[in-house]
Amino acid sequence: MEVRATAVEDVPSGGCKLAEVNGTRVVLARVGERVYACADTCSHRGGPLSEGKLAGARLTCPWHGWLYDVRTGQCFLPTRGAAIATYSVRIEGGDIWVEVP
Ligand code: FES
């Protein structure tokens, strides 16, 4: 289902923000003019990705430094294959809508 997560202006440009969307913890990441949404839980040991560092589309887990691409959810450091979920995002009238299960 598609749920309003927050306003675009609540997500810092070039940064990310945690949102609880229909019971799912989602990281909203603002990359340029776009917003991407992915799971908050690192696939390594469950670190909170919303507290990590965003550089471009790369999000670093604050616990042990695994790196994810927020556009695809793919982990590319240290290894490919350990992906996290991503969610479709739609922006309308300054609000961010996220498609969650
Ligand atoms: S829990 Fe994220 S890198 Fe270890």
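Counting starts at 1 for both ligands and their atoms, following the listed order.
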Which atom pairs, one a donor and one an acceptor, fall under 3.5 Å between side chains of residues 50-62 and the rest of the protein, sequence neighbours left out?
| unit_1 | atom_1 | unit_2 | atom_2 | d |
| --- | --- | --- | --- | --- |
| Ser50 | OG | Asp40 | OD1 | 2.8 |

Protein residues having a heavy atom less than 4.0 Å from any atom of ligand 1: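 Close residues (ligand 1, cut-off 4.0 Å): Cys42, His44, Arg45, Gly46, Gly47, Cys61, Trp63, His64, Gly65, Trp66.
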
If I compare all heavy atoms of Pro101 with all of Asn22, which pair ends up nearest, and what's the gap?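 Closest pair (atom of Pro101, atom of Asn22, distance): O-ND2, 4.2 Å.
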
Quick check: closest heavy atoms across Ala39 and Leu49, and the distance to 0.1 Å?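 That closest heavy-atom pairing would be O-CD1, 3.6 Å.
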
Would you mind reporting whether Val98 and Thr24 have side-chain heavy atoms less than 4.5 Å apart?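 Contact flag for Thr24/Val98 side chains = no.
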
Set of salt bridge (Lys or Arg N to Asp or Glu O under 4.0 Å) partners for Glu99, sequence neighbours left out: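 In terms of salt bridge (Lys or Arg N to Asp or Glu O under 4.0 Å), with neighbours along the sequence ignored, Glu99 is linked to no residue.
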
Under 3.5 Å donor-acceptor pairs involving side-chain atoms of residues 67-76, not counting sequence neighbours:
| unit_1 | atom_1 | unit_2 | atom_2 | d |
| --- | --- | --- | --- | --- |
| Tyr68 | OH | Ser43 | N | 3.0 |
| Tyr68 | OH | Ser43 | OG | 2.9 |
| Asp69 | OD1 | Arg71 | N | 2.8 |
| Asp69 | OD1 | Arg71 | NE | 3.0 |
| Asp69 | OD2 | Arg71 | NE | 3.4 |
| Asp69 | OD2 | Arg71 | NH2 | 2.8 |
| Thr72 | OG1 | Gln74 | N | 3.1 |
| Gln74 | OE1 | Gly81 | N | 2.9 |

